[in-house]
Amino acid sequence: MPRGDGRLSHELDPHRPGPQDACGVFGVWAPGEEVAKLTYFGLYALQHRGQEAAGIAVSDGSGVVVYKDVGLVAQVFDEPTLASLRGHLAIGHARYSTTGDSTWENSQPTLQSTSSGTTIALAHNGNLVNTADLARRAADLGMDSRGSTNDTSLVTMLLAGHPDLSVEAAAMEVLPTVEGAFSFVFMDENTLYAARDHHGVRPLVLGRLERGWVVASEQAALDIVGASVVREVEPGELIAIDEYGLRSSRFAAPDPKGCLFEYVYLARPDATINGRNMYSTRVEIGRKLAAEHPVDADLVIPVPESGTPGAIGYAEASGIPYGQGLMKNAYVGRTFIQPSQTIRALGVRLKLNPLRDNVRGKRLVVVDDSIVRGTTQRAIVRMLREAGALEVHVRISSPPVKWPCFYGIDFATGAELLANGMDMEGIRRSIGADSLGYVSLEGLIAASEQPKNRLCRACFDGEYPIKLPASNLIGKHVLEGVGRRVESDELSGDQAAAPSTELSRS
C-alpha cells in the first residue's frame, strides 16, 4: 500500500514547522486478548502525539516480533498485518522525532537481544539529555547500532548489556543513569514494563482490563480499549506485569516536574494529568486571558482546534459572543505530495479558511494556543482582514515561548523563536494584529492547579529542571556528531557511528 513521506503538515513549508508533539506509547499484558489490535487502537487514540512513524512489538512467550514503518498508524497497519502479530503482550509507539532523523531506522519500538537469548523491545516518549554519555557506554559494550541514531535505542542496548541479570534487575541498574525526560514501555518475552523518569516530565497512566493491564501516554488510549484508569505511573517508578501480577519498584526518588506545555497543547482535551482535566484547564486559561487582556470586540473566535477551549473561556469571562470565524479542513493532517511554491505561498489556506459572513465588519478576538515563529498567526491575521474584519485582536493561551525544549518537544531553535528576540510590541507588529495578549505564566500555572515547583516551565522561563550538557552534545542530531567524535578517538566505526539499534520488522 502507499506510504507517506514522513513529514508533518502543521505548516505547508516542511522547513518551518510549528511545535511538534511528543511521542505516544502504549503497552498491554492481556492473555487471551488480541493484543496487537488493542495496541493499534491505543496508538490510534495517541496519534496526535506523533505522526511520523508507528510500530508494534508482540510476544507469544517464545519470541518477540516487531512490525513498524514510516507513516500514520492507519497507514502502517492493516487487518492481515495485525492478524499476524499474535501473543499475550505488546507495546506500541507513535513517533515524532526529537533525537535522530525521521527515518525507518529510527522508528520504534527498538529491539535488542541479549547474549543469553532474551529479546527486549522498547518504546519511548520524551528526550534524553545525556545521550552522548549513553552512546559511549553502549559503544564500550560493543553493541551494534544497525543504522539508527536515536536515544531510545541506546537504552535498549544498555538493558541488553546485562545478560547476567533479569531485564527487571537490569532496568534497576540502567534507569538511574538515564538523564532527561522519559516515559518508557518495554517488554521481553513474558513481561511488560513501564518506567517514568523521576521528574515525571511526560505523562504515563496505568489501566486495568478485565483480563489484563494497560499502560499508555494518555487516558484516551485506555478508554478506547475499554480499560479503567488505575493511576498514573509515579515519577521514578518501574512497573513490571507478568503472570504473577503487578510489581512496583523505585529506581529514583520522585521530584515531580511535569511539562506545563502538556496543559496548553500536547495532551488531548479529554486527558487528565495529575487529576486535572485538560479541557477544563484550557477553558480556565481563556477566562484568565480575558481578565488579563480585556478588549472591546464583537466576536471571540478560536484558531481550530487547539484554540477552541481557550476561546470558549475568553467568551464566558468577557461576555463577548463566541462564534466560528475559521473553518478547518478536516482532512488536512498529512501531505503525500510536496506543495508547489505557489500553493505554499498561500500559507495556512490549505487547512484554514475564513467564514466571511461571520467576520465581515466585526472586531475579532482570535484565540490560539501558542506563537512559536509567528508564521501561522501572521497568515491568519492577514486572511481575516482580507475577509473584512475591522479589527483583529490576538490572544494566546500560553506565555511567550522564549526557550527551546530539550525534554521531548521539537520547538524551533532559540534563534527562530519569535518571542526570543522581540518584545510584545515587536511581536504584535510582526503578526499584524491590532493588539496582542499572552496569558501570564502565573495565570497558566494557576489554571493547571499544580504547584509551580512541580512543573517544568523551561520553554517559558528558561529554568531547566534537568541539567543540560554542553551545547555541542545535545540536539536532534547529537548521535551523528557523537559518532564522528568517537571515531576520531580511534574507536571502531561500528561502535561509534550511530550508537543505537533498530532491527527490521520480522
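All residue numbers in this chain count up from 1 along the given sequence.
- Between Leu455 and Ser448, some side-chain heavy-atom pair lies under the 4.5 Å cut-off.
- Going from atom SG of Cys456 over to atom CG of Asp461 covers 8.0 Å, rounded to the nearest 0.5 Å.
- No side-chain donor-acceptor contact under 3.5 Å links Ser280 to the backbone of Arg276.
- Atom CE of Met327 is surrounded by 12 or fewer heavy atoms from other residues, nucleotides or ligands within 6.0 Å.
- The shortest distance between side-chain heavy atoms of Ser107 and Val70 does not fall below 4.5 Å.
- Taking 4.5 Å as the limit, every side-chain heavy atom of Asn130 sits out of range of all side-chain heavy atoms of Pro469.
- Of the candidates Val225, Ile91, Asn125, Phe26 forms a side chain to side chain contact (heavy atoms under 4.5 Å, CB included) with just one, namely Val225.
- Tyr407 contributes a side-chain N or O that, together with a main-chain N or O of Ile466, makes up a donor-acceptor pair within less than 3.5 Å.
- Met278 and Ala267 get closest at one heavy-atom pair: CG-CB, 3.8 Å.
- Counting only heavy atoms from C-beta outward, the side chains of Val129 and Lys467 never approach each other to under 4.5 Å.
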Q: Starting from the C-alpha separation in whole Å, work towards a yes-or-no answer on side chain to side chain donor-acceptor pair (under 3.5 Å) for Ser248 and Glu237.
A: CA-CA 7 Å; Ser248 173; Glu237 181 182 22; 2.5 Å; yes
Q. Taking it one step at a time, do Leu158 and Val178 satisfy side-chain contact (heavy atoms from CB on, under 4.5 Å)?
A. CA-CA 10 Å; Leu158 293 174; Val178 178; 5.6 Å; no
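- Side-chain contact between Glu292 and Val439 is present, with at least one heavy-atom pair separated by less than 4.5 Å.
- The distance from the OG atom of Ser435 to the CZ atom of Arg395 is 3.5 Å, given to the nearest 0.5 Å.
- Side-chain contact between Pro235 and His199 is absent, with no heavy-atom pair separated by less than 4.5 Å.
- When atom types are taken as modelled, the side chain of Gln47 and the backbone of Val73 share a donor-acceptor pair closer than 3.5 angstrom.
- Expressed to the nearest 0.5 Å, how far CD1 of Ile273 lies from CG of Leu204 amounts to 11.0 Å.
- Without hydrogens or angle criteria, Thr152 side chain to Ala123 main chain gives no donor-acceptor distance under 3.5 Å.
- A salt bridge links Glu316 to Arg287: one of the charged nitrogens lies within less than 4.0 Å of a carboxylate oxygen.
- From Leu159, atom CG reaches atom CE of Met172 across 12.5 Å, with rounding to the nearest 0.5 Å.
- For the side chain to side chain contact (heavy atoms under 4.5 Å, CB included) test with Asp369, the passing option among Pro302, Ser398, Ser306 is Ser306; the others fail.
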Q. Stepwise, does the side-chain contact (heavy atoms from CB on, under 4.5 Å) test hold for Glu449 with Glu284?
A. CA-CA 10 Å; Glu449 296 186 349; Glu284 180 61 23; over 6 Å; no
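- Below 30°, between 30° and 60°, or above 60°: for Phe184 and Phe182 the angle between ring planes is below 30°, a parallel geometry.
- The aromatic rings of Tyr67 and Phe77 are tilted relative to each other, their planes meeting at an angle between 30° and 60°.
- Taking OG1 of Thr110 as the reference point, atom CG of Leu122 lies at 5.0 Å (rounded to 0.5 Å).
- Between Ala195 and Leu175, the shortest heavy-atom contact is CB-CD1, 3.7 Å.
- Residue Val28 is tested with Leu209, Ile241, Val185, Val58 for a side chain to side chain contact (heavy atoms under 4.5 Å, CB included); the sole match is Leu209.
- Thr308 contributes a side-chain N or O that, together with a main-chain N or O of Glu305, makes up a donor-acceptor pair within less than 3.5 Å.
- Between Leu444 and Ile285, some side-chain heavy-atom pair lies under the 4.5 Å cut-off.
- Put simply, the side chain of Arg282 never gets that close to the backbone of Pro309: no donor and acceptor are under 3.5 Å apart.
- Nearest heavy atoms, Asn127 versus Gly408: CB-N, 3.4 Å.
- Of all the heavy atoms in Ser397 and Val367, the pair that sits closest is OG-CG1, 3.7 Å.
- When all heavy atoms of Ala216 and Leu222 are compared, the closest pair comes out as CB-CD1, 3.5 Å.
- Ion pairing between Arg202 and Glu262 holds under the 4.0 Å rule for side-chain N and carboxylate O.
- A distance of 8.5 Å separates CD in Gln219 from CG in Asn277, rounded to the nearest 0.5 Å.
- Between the side chain of Lys257 and the backbone N or O of Gly200, no donor-acceptor pair lies under 3.5 Å.
- Using the six-membered ring where Trp is involved, Tyr464 and Phe406 have ring planes that are tilted, between 30° and 60° apart.
- Within the 4.5 Å cutoff, no side-chain heavy atoms of Val215 are placed close to those of Tyr193.
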Q: Walk me through it: do His293 and His393 pass the test side-chain contact (heavy atoms from CB on, under 4.5 Å)?
A: CA-CA 10 Å; His293 299 284; His393 303 275; over 6 Å; no
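- Remark: the backbone N or O of Glu463 is not paired with any side-chain donor or acceptor of Arg457 at under 3.5 angstrom.
- Annotation for Ala121 and Pro109: closest pair CB-CB, 4.4 Å, computed over non-hydrogen atoms.
- Annotation for Phe251: atom CZ counts as buried by contact number, over 12 foreign heavy atoms lying within 6.0 Å.
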Q: Any chance you could lay out the side-chain contact (heavy atoms from CB on, under 4.5 Å) test for Thr191 and Val167, step after step, and finish with the verdict?
A: CA-CA 9 Å; Thr191 308; Val167 174; over 6 Å; no
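- Glu168 contributes no side-chain N or O that, together with a main-chain N or O of Ala240, makes up a donor-acceptor pair within less than 3.5 Å.
- Listed for the Ser430 side chain is no donor-acceptor partner under 3.5 Å among the backbone atoms of Gly426.
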